[in-house]
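Below: one structure, written as structure tokens.
Treat the numbers as computed from the prediction; the structure is a model and nothing was measured.
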Amino acid sequence: MDEVIFLEVLEGDSVQARHRLERFPVSVGRGYGNDVIIDDPKVSAEHLRIERREDGALVLRDVGSQNGTYRVEPWAQLAELELAPDTRVSVGDTLLRFRARSHPVEKTVIAAPPTAPRPRMFERPRSFSLAMQALLGASLLEGYLANYGRTDWGELTVALVVPLGITFLWAGGWSIASRIARRQFHYRTHATVAALVLLGAVLIQPLLTLVGFSLGVSGNLAWAHHAAFLGLMAWGLYWHLRYVTKWEPARLIRVIAVVTLTFGALSRADEWLGNESFSTELGFRRALLPPAFRLVGAEPVEDFFADAVKVQEQVDALAKEP
């Protein structure tokens, strides 16, 4: 091997740390008196030494460690081992690899030309305040329009408190993940994304109701609501994960597409299997819309009664079946 070698501390397939070794002997262990310190509770304070023999070969020796030193390929406990390029040994839960200075590295990854960094919309302080105001206003308006009786201040208070609490808790969870993975909380950013996702969830149903009322297709928008919700969920996951992972956008989109489609399929599994869902909610709009919003003509009364007769005939036919 070359005079200068490198000791690599591995974590899976990636290198956690590299140590340049130029003068021998070199001591390796958990104690602070070693040349290379391994932070592993199963590694002894003085675990092994790397020495140069008279013939110039480098030799690794276990110096009486409690848990031993093991060669990886083939697996065997050792007391002494002559080092060769790419030699790997295991000490405690740590994997060590030795490489020569002349070891070739992989080709450089060609990246797109870097551009000047600019803050995203979610990182601006005004975006957070505007998103929260829009969310609370939409939630308050929905609660007010859905109430036919006198104003229920308790329900309106809940309409404000619930989205506010969900946003802060939601952002807190993602912020902890960002702190663990990227060393930064990004709390305001995650809160902005959460507020926009909740705002979309609040607006999906009223907007679809308006479209269905205007076009006269209110009974056929269940799939549109499901697709819009999945799209909103995918959008929120994408931006949350952009601040948690270091994945490229293309890879992130592929992962989110798989997660979203899987969730969408599981949420519709009962319907596809033919199981009828039971709900205590009444199947009509709670918010009344003015006739001026309707773009197509209303169904004639005669057509309504004709359809009712057909339904009655089907019910009578079912009643006669044994």
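- Between the side chain of S44 and the main chain of Q66, a donor-acceptor pair closer than 3.5 Å is present.
- Evaluated for a side-chain contact (heavy atoms from CB on, under 4.5 Å) with E8, the options H19, R97, H103 yield exactly one hit, R97.
- A 4.5 Å side-chain heavy-atom check between F229 and F263 finds at least one atom pair inside the cut-off.
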Let me have the donor-acceptor pairs involving side chains of residues 189-199, under 3.5 Å, with sequence neighbours excluded, atom names and distances please.
unit_1	atom_1	unit_2	atom_2	d
H190	ND1	H240	ND1	2.9
H190	NE2	S178	OG	2.7
T192	OG1	R188	O	2.8

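- Counting heavy-atom neighbours within 6.0 Å of F168 CZ, excluding the residue itself, gives a total above 12.
- When atom types are taken as modelled, the side chain of S139 and the backbone of A159 share a donor-acceptor pair closer than 3.5 angstrom.
- Between Y238 and I253 the shortest heavy-atom distance is CE1-CG1, 3.9 Å.
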Intermediate values then yes/no, side chain to side chain contact (heavy atoms under 4.5 Å, CB included), M132 and L164:
CA-CA 8 Å; M132 289 302 303; L164 197 64; 3.1 Å; yes
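- Taking all atoms of both residues into account, the shortest heavy-atom contact from A181 to V244 is CB-O, 3.1 Å.
- V202 is connected to I204 through a chain of hydrophobic side-chain contacts under 4.5 Å among Ile, Leu, Val, Met, Phe, Trp and Tyr, so both are in one cluster.
- Annotation: the span from L261 atom CG to L230 atom CG amounts to 8.0 Å, rounded to 0.5 Å.
- Between D93 and D40, the closest heavy-atom pair is N-OD2, 2.8 Å.
- Closest non-hydrogen pair, R49 versus P25, comes out as NH2-CG, 2.9 Å.
- Cation-pi geometry between R99 and F6 is not met at under 6.0 angstrom from the ring centre and within 45 degrees of the axis.
- Between L96 and L10, the closest side-chain pair of non-hydrogen atoms is not below 4.5 Å.
- Considering Q184, R182, E123 as possible partners of Y243, the one that fulfils the side chain to side chain donor-acceptor pair (under 3.5 Å) test is E123.
- Salt-bridge check for D55 with R53: passed, with a basic side-chain N closer than 4.0 Å to an acidic carboxylate O.
- Placement of L95 and V43 in two distinct hydrophobic clusters is found when ILVMFWY residues are connected by side-chain heavy-atom separations under 4.5 Å, directly or transitively.
- In terms of modelled atom types and a separation under 3.5 Å, the side chain of R88 and the main chain of V72 share no donor-acceptor contact.
- Of the possible donor and acceptor atoms, none in the side chain of T69 sits under 3.5 Å from a partner among the backbone N and O of D62.
- In this structure, the side chain of T157 engages the main chain of W153 through a donor-acceptor pair within 3.5 Å.
- For the pair R61/E51, a side-chain contact is recorded, criterion being any heavy-atom separation below 4.5 Å from C-beta on.
- In the hydrophobic clustering of this structure, M233 groups with L207; members are Ile, Leu, Val, Met, Phe, Trp, Tyr whose side-chain heavy atoms approach within less than 4.5 Å, directly or through other members.
- Partners of R254 by salt bridge (charged side-chain N to carboxylate O under 4.0 Å, His left out), not counting sequence neighbours: none found.
- Panel note: side chain D316, backbone A319; no donor-acceptor pair is recorded below 3.5 Å.
- No side-chain donor-acceptor contact under 3.5 Å links S175 and H186.
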Output, in order, the C-alpha distance, side-chain angles, deciding distance and verdict of side chain to side chain contact (heavy atoms under 4.5 Å, CB included) for L81 and V59.
CA-CA 6 Å; L81 176 66; V59 178; over 6 Å; no
For R30 and I38, run side chain to side chain contact (heavy atoms under 4.5 Å, CB included): C-alpha distance rounded to whole Å, both residues' side-chain angles, the deciding distance at 0.1 Å, then the answer.
CA-CA 5 Å; R30 191 159 45 89; I38 305 296; 5.8 Å; no
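- Using a distance-only test at 3.5 Å, with no hydrogens or angles considered, a donor-acceptor pair links the side chain of T87 to the main chain of A84.
- Put simply, the side chain of P249 reaches to within 4.5 Å of the side chain of R242, judged on heavy atoms.
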Could you walk me through whether E22 and R20 pass the salt bridge (charged side-chain N to carboxylate O under 4.0 Å, His left out) test, one step at a time?
CA-CA 6 Å; E22 301 184 51; R20 182 185 180 96; 2.9 Å; yes
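- Within 6.0 Å of CD in E46 there are 12 or fewer heavy atoms belonging to other residues, nucleotides or ligands.
- Here the CG atom belonging to L58 is positioned 5.0 Å from the CD1 atom belonging to I5, to the nearest 0.5 angstrom.
- At distances below 3.5 Å, at least one donor-acceptor pair connects side-chain atoms of N67 with backbone N or O atoms of K42.
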Tell me, with the steps shown, if T262 and L266 meet side chain to side chain contact (heavy atoms under 4.5 Å, CB included).
CA-CA 6 Å; T262 302; L266 292 176; 4.1 Å; yes
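- Of the inter-residue distances, the one linking T94 atom OG1 with E11 atom CD reads 9.5 Å to the nearest 0.5 angstrom.
- Between the side chain of N34 and the backbone N or O of A45, at least one donor-acceptor pair lies under 3.5 Å.
- When atom types are taken as modelled, the side chain of R52 and the backbone of G56 share a donor-acceptor pair closer than 3.5 angstrom.
- For the pair F24/I50, a side-chain contact is recorded, criterion being any heavy-atom separation below 4.5 Å from C-beta on.
- Criterion: ILVMFWY side-chain heavy atoms under 4.5 Å apart, direct or through other members. Under it, I37 and V26 are not part of a common hydrophobic cluster.
- Residues F128 and L130 do not share a hydrophobic cluster, clusters being chains of Ile/Leu/Val/Met/Phe/Trp/Tyr side chains in contact below 4.5 Å.
- Nearest heavy atom pair, residue A234 against residue T260, reads CB-OG1, 3.5 Å.
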